[in-house]
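If you read the sequence from its start, that first residue is 1, and numbering goes on from there.
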Amino acid sequence: MQNARVKSYLHFHLIVFIFGFTAILGELITLEALPLVWYRMLIATGFVFVYVKWKKLSLKVTPKLFKVLVLAGLIIALHWCTFFAAIKASNVSVTLAVLSTGAFFTAFLEPLFFRRKLIWLEVFLGMLVIPGLYLIFSVEGDFVTGIFLALLSALFSSIFTLINGKIIEKHYPSVISFYELLIGVVSVTLYLLLMTLFGDDVSGFSVDFFMLKRSDWIYLLLLGSICTAYAFISSVKVMRYLSPYTIMLTINLEPVYGIILAFFIFGDTEKMEWEFYIGASLVIMTVVLNGIVKIIQNRKINIS
């Protein structure tokens, strides 16, 4: 069992590293955010479908669950669209730093989803993020659009996490993931079709939409298969052997991995003023502190 935990811990670090690498691919792919998300979700849906069939899992879901999955699919599509749009409008470092605020959106929204009282300690910790965001805004004024989009992405990510938190324990994660990805790609497809019929020539499907560079195909395959389908399915498996505390601390390394990778891969375009790194550190450290407090609170509840 101990050996399994060590392997799972190392594996989970690899998965979080892959999550951080997602932003790098978003910068490398030359497509705009919407077509990028469409290709990503389409490829990921195919890989998850193959996995579900290989495992011989049933794809039957109740009408009630399907309605929830429709909402979740729309939310995850919006999350990824704003995420990659933020990268295009700013850069990887800014997007990942601001995306760390997702944990605090969750702290404020969780009482609404699970009908519990607001925990004022979580509100206080949420307020500690503001100085970090202020520093990021103050020194990266040229990236205001990217910062705003990253905040929206963090909000959508929080809502998606809360929706999944209510349904993931009672259903196979891979089956839920398949429907969410499928609904997401269908919704983006419908939007692109509407833009093709009633919008301008560059907003919907066109010949150029399907004429991708060779490098873009390679990056998209990596994004859809390893960074989406594989990372999601594997993360569910390793979580069986790791404590919530370990999971929380490790997940919060995602922006750290991503920012370091971006600096070495993209060089000067990712180099920020020193105030940015102080602001980003404040945001990430506060997220970690919030997670530690939640673990301690849960342990006290379990003991009592």
Residue pair Gly146 / Ala86: nearest heavy atoms and the distance that separates them: O-CB, 3.4 Å

Verdict with reasoning, Phe210 to Phe205, per ring-ring contact (aromatic ring centres under 6.0 Å, His included): CA-CA 8 Å; Phe210 300 100; Phe205 290 114; 5.8 Å; yes

Those residues that, when tested against Ser153, pass side chain to side chain donor-acceptor pair (under 3.5 Å) (two or more places apart): His79

Rounded distance (nearest 0.5 Å) linking atom CG of Leu222 with atom CG of Leu28: 10.0 Å

Which atom of Trp38 lies closest to which atom of Val185, heavy atoms considered: O-CG2, 3.7 Å

Phe178 and Phe49 aromatic ring geometry - parallel, tilted or perpendicular at 30°/60° bounds: tilted

Close side-chain approach of Leu36 and Asp216, heavy atoms under 4.5 Å: no

Nearest atoms (heavy-atom pairs only) where Gly26 meets Lys88: O-NZ, 2.8 Å

Validation row: Leu193, Phe198 side chains within 4.5 angstrom (heavy atoms): no

side-chain contact (heavy atoms from CB on, under 4.5 Å) between Ile24 and Phe266, worked out: CA-CA 9 Å; Ile24 304 298; Phe266 301 116; 4.0 Å; yes

Close side-chain approach of Leu149 and Ile87, heavy atoms under 4.5 Å: no

Working for side-chain contact (heavy atoms from CB on, under 4.5 Å), residues His11 and Ser234: CA-CA 8 Å; His11 192 186; Ser234 297; 4.0 Å; yes

Separation between OG1 of Thr22 and CZ of Arg40, rounded to the nearest 0.5 Å: 5.0 Å

Side-chain heavy atoms of Leu190 within contact of Val186, under 4.5 Å: yes

Rounded distance (nearest 0.5 Å) linking atom CD of Glu27 with atom OH of Tyr219: 11.5 Å

Note, Leu34 side chain near Phe84 side chain (heavy atom, < 4.5 Å): no

Inter-residue atom distance Ile226.CD1 - Ile18.CD1, 0.5 Å rounding: 6.5 Å

Side chains of Asn164 and Phe160 in contact at under 4.5 Å (non-hydrogen atoms): yes

Mutual orientation of the aromatic rings belonging to Phe209 and Tyr39 [parallel < 30°, tilted 30-60°, perpendicular > 60°]: parallel

pair Lys67-Leu71: side-chain heavy atoms closer than 4.5 Å: no

Where Thr145 and Ala89 come nearest, the two heavy atoms and their spacing: CG2-CB, 4.3 Å

Criterion side-chain contact (heavy atoms from CB on, under 4.5 Å) on Leu69 and Ile167, from CA distance to verdict: CA-CA 9 Å; Leu69 294 175; Ile167 61 177; 3.8 Å; yes

Hphob cluster co-occupancy, Leu221 + Val50, side-chain heavy atoms under 4.5 angstrom: no

Transitive ILVMFWY side-chain link Leu42 to Leu59, under 4.5 Å: yes

Residues that, via side-chain heavy atoms closer than 4.5 angstrom, fall in one hydrophobic cluster with Met211: Val207

Interatomic spacing from CZ in Phe21 to SG in Cys227 - rounded to 0.5 Å: 6.5 Å

Reported OG-to-CG distance for the pair Ser174 and Leu57, which is rounded to 0.5 angstrom: 5.0 Å

Closest non-hydrogen atom pair, Val48 against Ser177: CG2-OG, 4.3 Å

Shortest non-hydrogen separation from Gly258 to Val92 and the atoms involved: O-CG1, 4.0 Å

Test item: Met41 and Thr228 side chains (from C-beta on) under 4.5 Å apart, heavy atoms: no

side-chain contact (heavy atoms from CB on, under 4.5 Å) between Phe143 and Thr95, intermediate numbers included: CA-CA 10 Å; Phe143 295 148; Thr95 300; over 6 Å; no

